[in-house]
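A short write-up of the structure that comes next.
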Amino acid sequence: MDDVLIGLDPEQREVAAAVRGPVCVLAGAGTGKTRAITHRIAYAVRSGVVDAQSVLAVTFTTRAAGELRQRLRALGAPGVQARTFHAAALRQLTYFWPRVIGGAAPSVIESKLPVLSEACRLIRKNADRSELRDIASEIEWAKVTQIGHEDYVAAAAKHHRTPPSPPEEIARLYEAYEQIRRDRHLVDFETILELTAAVMTEHQEVAAQVRQQYRYFVVDEYQDVNPLQKLLLDTWLGGRDDICVVGDPNQTIYSFTGASPRYLTGFAVEHPQAAVIKLVRDYRSTPQVVDLANLVIAKSRSPHRLELVAQRPDGPRPAFADYDDEPAEAAGVARAIRKLLDKGVLSREIAVLFRVNSQSAAYEEALAKAEIPYVLRGAERFFERPEVRQAVVLLRGAARSATGEPLASEVHHILAGVGLTPSPPGGGKAREKWESLKALADLSEDMAADGAGLPAYVAELERRASEQHAPPVEGVTLASLHAAKGLEWDAVFLVGLTDGMLPIIYAETPEQIEEERRLLYVGITRAREHLSLSWALARAPGGRKSRRPSRFLDGLTGRVSNPPRVAAPTRERRTMAAPVSCRVCAKTLVAAAEQKLGRCATCPADYDEALLERLKAWRTATAKEAKVPPYVVFTDVTLQAIAERAPTTEQELLSIAGIGRVKIDRYGAAVLALCRTP
């Protein structure tokens, strides 16, 4: 039994030995939280504290759940249930539905878009796929925060939401979507959680059976729990407190989806007897990377931040570089990646991370020109790619009549029929397809070395597909910062770090700004050894070099780096903004919206209503052309401020709070032309 505790550091051992809840583990990036909680579960099972079948370990992704099960099997606790919230709830709902509701359980919809498209037709709204996705996200936020369509408009205003369509229209679409879903006997992921909690609440015999089955709970990534998930978790617990939660307040980056870190940071208040254990020994990153991460998060306003303590030997210092324009930045990153490859760093151990997916295009082009393979993460899942699905079907068929041919040879022969060639094609989609097939071939070679045959190989593919555990694909990873959470690489390039991009231009409240800071922290802590941070001073070649590096880097670039091209101090350092006073009553303005308007919300203001209408019509057309929500162009408050001041020069436009050089470069000429129109 005690051999489960061997190899753990003192804090991990404390977690593993705390076999009775309530327990709260505050685990920093790279501190071995999965190791700690799996050893805790195994220790509790092997010491007889709990039966393996009575444990429910809950996480957020199918892959993470699969990793938990795999580790627990290796530790001698194979019967533990490790599932996502949705998988656990759907299993229970499907089991109890015929008994307590009657008839067949509802069908699950994987995507809201088809139903939403029909809802749009009902209210005579035209929406492209991009807008439908944004509307779906807004409805998901409302559902996880338990807000019905009738309360959406007021709730959106209260929570300072900037929806992709007018709030009243979102409410109508929400109502139509729910009506269609109910009429078709369908459930989405949010409804699965809601119905499971409702069935347990309304049918005590169901609650009793579930609680008899599951007596011991572990919840990973607790900082990402939303109100609906918390409701279900509380229903599962039924007043008991044998629960261990694990999370990192420094990595709270999903508040916009309804996730709330207060469940993690307030756990000790909710459970006064809870043991609170901190994991801060970072085994992932070098001291140089950890130092920068600590410096960035130290400026956070949060009292719950963790300071990491590096455990690895020294490595290279993080590099900072500015470039004249975005293409130059992408080309510079490609050159730096080539140098790492020449030094023996594997391409799959390198990542380029950015704030928004649209930034990837420049890096795709630059890497293709440099003949460096790359993989886009956050797009299509590996096992859902057409070439992978086709290959798995062929491999499954071949496994039924295996010839005894060596595994690697047989797999290569089959994959050659769907496009695997001895050498890769140049780039683009053909290269992506080849990389997918090559990953399947490489996996067969690894398993062949252990003596596996084709049936075992196909079984492994099916296991990986069910757990979304893709084999490693050779190529530099291109991913957004959100998609990179939970991953790590030997070398990470953080690109496009300008004010207006990180923090993103529509992050306006102090809470939103702090979440953007944590997003940079997440990006930094993905790097094991090599870390590069860069920004471009202009968007296009020959453009005005007016961009500023991210405010989150203020005072840090010269302190921790010694690159050949460090931005000049005048670019790196920002001065404190002067207080903003109301232009009507001269009162100091505190609220972000009032600062943007330049007046108190209650003070009167004269403005040209026709100008405001012209600005709104222009914003709608511009957003549609760029395939982004209108608020990304300018928020309603910003348009109101422009209409009130009617600026006629670039400098006057810049004086409006929240409008910086990025917005001027993109929209300044058009806005000033509208303001000058009589």
Side-chain angles (χ1 to χ4, degrees), residues 130 133-134 137 162 164 250-257 259 292-293 296-297 300 318 320-323 325-327 329-330 332-333 351-367 374 376-379 476-487 489 492-509 511-527 531-540 547-554 556-557 567 623 626-629 631-635 658 660-663 665-666:
S130 176
R133 282 197 296 266
D134 291 334
S137 296
T162 50
N250 291 358
Q251 296 189 67
T252 302
I253 59 173
Y254 290 110
S255 294
F256 65 94
T257 67
L292 181 61
V296 167
I297 208 66
S300 167
F320 295 82
D322 64 6
Y323 294 89
D325 50 66
E326 290 179 4
E329 182 180 11
V333 168
V352 179
L353 307 181
F354 32 76
R355 176 59 179 85
V356 296
N357 287 323
S358 60
Q359 292 174 275
S360 73
Y363 296 91
E364 293 177 53
E365 183 178 352
L367 292 174
Y374 63 86
L376 283 170
R377 184 173 181 85
V476 173
T477 300
L478 301 180
S480 71
L481 288 164
H482 282 101
K485 186 172 180 292
L487 303 175
W489 295 270
V492 169
F493 291 81
L494 302 178
V495 300
L497 302 180
T498 59
D499 255 10
M501 189 56 74
L502 194 74
I504 198 76
I505 196 163
Y506 48 82
E508 297 178 340
T509 67
E511 292 77 15
Q512 290 169 338
I513 296 293
E514 286 306 305
E515 185 140 327
E516 294 287 301
R517 179 188 299 280
R518 294 192 294 270
L519 201 53
L520 175 60
Y521 173 87
V522 166
I524 292 170
T525 54
R526 299 311 92 195
L531 177 63
S532 172
L533 303 92
S534 63
W535 55 91
L537 301 177
R539 183 177 64 84
R547 292 177 172 177
R548 300 170 64 93
S550 170
R551 70 191 71 175
F552 302 143
L553 300 178
D554 285 353
L556 301 182
T557 54
K627 296 182 179 180
V628 298
Y631 65 83
V632 173
V633 179
F634 282 122
T635 64
R661 269 293 159 192
V662 173
K663 292 288 191 182
D665 290 345
R666 292 178 183 171

Determine whether [X] and [Y] make a side-chain contact, defined as any pair of heavy atoms from C-beta on separated by less than 4.5 Å.
X    : Y    : value
P318 : L533 : yes
K663 : I505 : yes
T498 : R547 : yes
F493 : L531 : no
V492 : I524 : no
F320 : L553 : yes

Side-chain donor or acceptor of [X] paired with backbone N/O of [Y] under 3.5 Å:
X    : Y    : result
S550 : F552 : yes
S480 : F354 : no
Q251 : K485 : no

Inset, instruction - Can you spot which of Q512, E511, E515 makes a side chain to side chain donor-acceptor pair (under 3.5 Å) with S255? - result: E515
Inset, instruction - Quick one: list whatever passes salt bridge (charged side-chain N to carboxylate O under 4.0 Å, His left out) with R526, sequence neighbours left out. - result: none
Legend entry - Parallel, tilted or perpendicular, as decided by the 30° and 60° cut-offs, for the rings of H482 and Y254: tilted
In Å and rounded to the nearest 0.5 Å, what is the [atom1] to [atom2] distance from [X] to [Y]?
X    : Y    : atom1 : atom2 : result
D325 : L537 : CG    : CG    : 9.0 Å
D134 : T162 : CG    : OG1   : 10.0 Å
T477 : L487 : OG1   : CG    : 8.0 Å
L353 : L478 : CG    : CG    : 9.0 Å

Legend entry - Under the side-chain hydrogen bond (donor to acceptor under 3.5 Å, both in side chains) test, residues paired with S360 that sit two or more places apart: E364
Inset, instruction - Please list, chain by chain and in numerical order, all residues satisfying side-chain hydrogen bond (donor to acceptor under 3.5 Å, both in side chains) with S137, sequence neighbours excluded. - result: none
Non-neighbouring partners of [X] that pass side chain to side chain contact (heavy atoms under 4.5 Å, CB included), sequence neighbours left out:
X    : value
S300 : I297, S302, R305, E514, R517
S534 : Y323, E329, V333, V495
E365 : K369

Legend entry - Salt bridge present between D499 and R551 (N-O < 4.0 angstrom): yes
Inset, instruction - Search all heavy atoms of L367 against all heavy atoms of Y374 and return the closest pair with its distance. - result: CD1-CB, 3.8 Å
Legend entry - Smallest separation among heavy atoms of P549 and W535, with atom names: CB-CE2, 3.5 Å
Inset, instruction - Starting from the C-alpha separation in whole Å, work towards a yes-or-no answer on side chain to side chain contact (heavy atoms under 4.5 Å, CB included) for L481 and L494. - result: CA-CA 9 Å; L481 288 164; L494 302 178; 4.0 Å; yes
Legend entry - Full working for side chain to side chain contact (heavy atoms under 4.5 Å, CB included) between Q359 and M501: CA-CA 10 Å; Q359 292 174 275; M501 189 56 74; 3.7 Å; yes
Inset, instruction - Check step by step if side chain to side chain contact (heavy atoms under 4.5 Å, CB included) holds for L502 and R355. - result: CA-CA 7 Å; L502 194 74; R355 176 59 179 85; 3.7 Å; yes
